[in-house]
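Here is the structure we will look at, set down as structure tokens.
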There are 2 protein chains.
Amino acid sequence: MIYPISKQTLQRLPLYLSYLKTLGFEYGSENISATTIANALRLNQVQVRKDLASISSSGKPKIGYNIQTLIVEIESFLGYDNINEAVIVGAGRLGTALLTFQGFKEYGLDILAAFDSNPEKLGMTACSKPILPVEELKEMCLKFNIRIGIITTPAKCAQQVCDLLVESGIQAIWNFAPVHLIVPPNILVQNENMATSLAVLSNHLTERIKSGEEKNGTRSDIREK
Amino acid sequence: MIYPISKQTLQRLPLYLSYLKTLGFEYGSENISATTIANALRLNQVQVRKDLASISSSGKPKIGYNIQTLIVEIESFLGYDNINEAVIVGAGRLGTALLTFQGFKEYGLDILAAFDSNPEKLGMTACSKPILPVEELKEMCLKFNIRIGIITTPAKCAQQVCDLLVESGIQAIWNFAPVHLIVPPNILVQNENMATSLAVLSNHLTERIKSGEEKNGTRSDIREK
DNA sequence: TAGATTGTTAATCGATTAACAATC
DNA sequence: TAGATTGTTAATCGATTAACAATC
């Protein structure tokens, strides 16, 4: 049975995919079991089985899944095999890094250009992708029917940029600014929130100190005195 | 009562914090209710109340929370008021962007240096933070008792770098490489996984197409024919 | 055949939400 | 006082995990 897909499942699929891709010929088999994947990624095996069952029916009892088939099935489900075009707004360090990063193609993402309001930023990057004036954003999005907008501006202009992207017909927003964006119902906002990650890291370290796991330079081998 | 804090709550706290900080004097009051925060961030008000109750007891019936007090309480809980030092491994575009980004200080993160195995990358960045040879990593981490390691290397050397960081006494890892890292039990790995985000974005767009919300350039105003 | 592995049903667990009592 | 708002207990919801039947 094909289960409806939950957001949690959706977020684990890229994990399975990247694991499957690391398996070279030295793995020694064309097939792999859900249990093997679960052990490698430290997940529950039933969870992996359910996740895989939700996107594939190529699993065979006693045999498992054919690795290549499974890779294709996951990539296809995730839409990595048809390219989505995107634009970036905010050509700061992060924006430029994303613009020039070659690796997104394999996830089906093609960033066409960045936009910035600072005239000094305009021009071509080394990888021949343009940084254009923000005034040209809407025209380009409509003309090329671009569906993904990436926001890498400072927090204070993020909402304004977001509104402009929505107006330009964008359907999904990848937001790197540490703010909550207000959008119409059928537009997806995916937050890549560094502040959130840092909160988790920082809290973990604080907890360690509180619980006495570490004391100010004390070596761990003598901490139990 | 102080509830134990869940990871979900922990991840919403930075959201509240950034919202509270956007409230200028034009907000018109020193106090704010959980309901107001919930509405602004499109969250359930009971959820916000519970989250806040888990880190604060300064809420007063009929009045709400004092904004400044709440900001300080959240920042303090998240550990933003005591600086954690970090190092980056991998001085590519992303690594360098993170190294030179000035904004992490306000989250209590101070990145001291980046490390790379490519001699051509070594030297000083514009903001006078050094890029050092990876051979010096362990020594520096131990000497300065550094607790956070940031991995921005290609996927294929991420695990090796991770092992080196663990060996160097790091306690938490912020991983930007799209791989699952194996670490000892008490080390935290926080994945900043772009592939995961892209999966969510890509799937959203695919769903839209499937459900017929959009048809190949058809204008949305005539889609219901 | 026997055993490994899949897929599914049922139980558990935890987070969210609803209802409500307490209180400034 | 009355009403707004907090904090808490109970109900709901959804995801994870356990148990097990099906099968190559």
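Below, read A as the first sequence line, B as the second, and so on, with proteins coming before strands; counting in each chain starts at 1. Every value quoted in this text rests on a predicted model; they were computed, and no experiment measured them. Scope of the values below: all heavy atoms of this structure, side chains included, with no hydrogens, waters or symmetry mates.
Aromatic rings of A:Y107 and A:W174 (six-membered ring for Trp) have centroids beyond the 6.0 Å cut-off, not under it.
Under the Watson-Crick or G-U wobble criterion, with both distances below 3.5 Å, D:dA21 is paired with C:dT6.
Taking OG1 of B:T36 as the reference point, atom CG of B:L41 lies at 10.5 Å (rounded to 0.5 Å). Here the CZ atom belonging to A:R12 is positioned 11.0 Å from the NZ atom belonging to A:K50, to the nearest 0.5 angstrom. Rounding to the nearest 0.5 Å places CZ of B:R49 at 8.5 Å from CG of B:N44.
As rounded to whole Å, 15 Å separates atom C1' of D:dT5 from atom CG of B:L70. Look at CD1 on A:I55: it is 11 Å from P on C:dG7, rounded to the nearest Å. As a whole-Å value, the separation of A:N66 CG from C:dT5 C1' is 16 Å.
Of the two residues contacting DNA chain D, namely A:I63 and B:P61, the nearest-nucleotide position lying further toward the 5' end is that of B:P61.
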Could you go over nucleotides 14-19 of chain D and give all protein N or O partners under 3.5 Å, atom names and distances?
from   : atom 1 : to    : atom 2 : distance (Å)
D:dT16 : OP1    : A:R12 : NH1    : 3.1
D:dT16 : OP1    : A:Q47 : NE2    : 3.4
D:dT16 : OP2    : A:R12 : NH2    : 3.3
D:dT16 : O5'    : A:Q47 : NE2    : 3.0
D:dT17 : O4     : A:K50 : NZ     : 3.2

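Of the residues B:L43, B:I71, B:I55, B:I32, the one that meets the side chain to side chain contact (heavy atoms under 4.5 Å, CB included) test with B:Y16 is B:L43.
Residue A:Y65 has no polar side-chain atom (N or O) positioned under 4.0 Å from OP1 or OP2 of D:dC24.
Not one N or O on the side chain of A:D163 forms a donor-acceptor pair closer than 3.5 Å with the backbone of A:E167.
Among the heavy atoms of the strands lying under 4.0 Å from A:K62 is at least one base atom, whether or not backbone atoms are also near.
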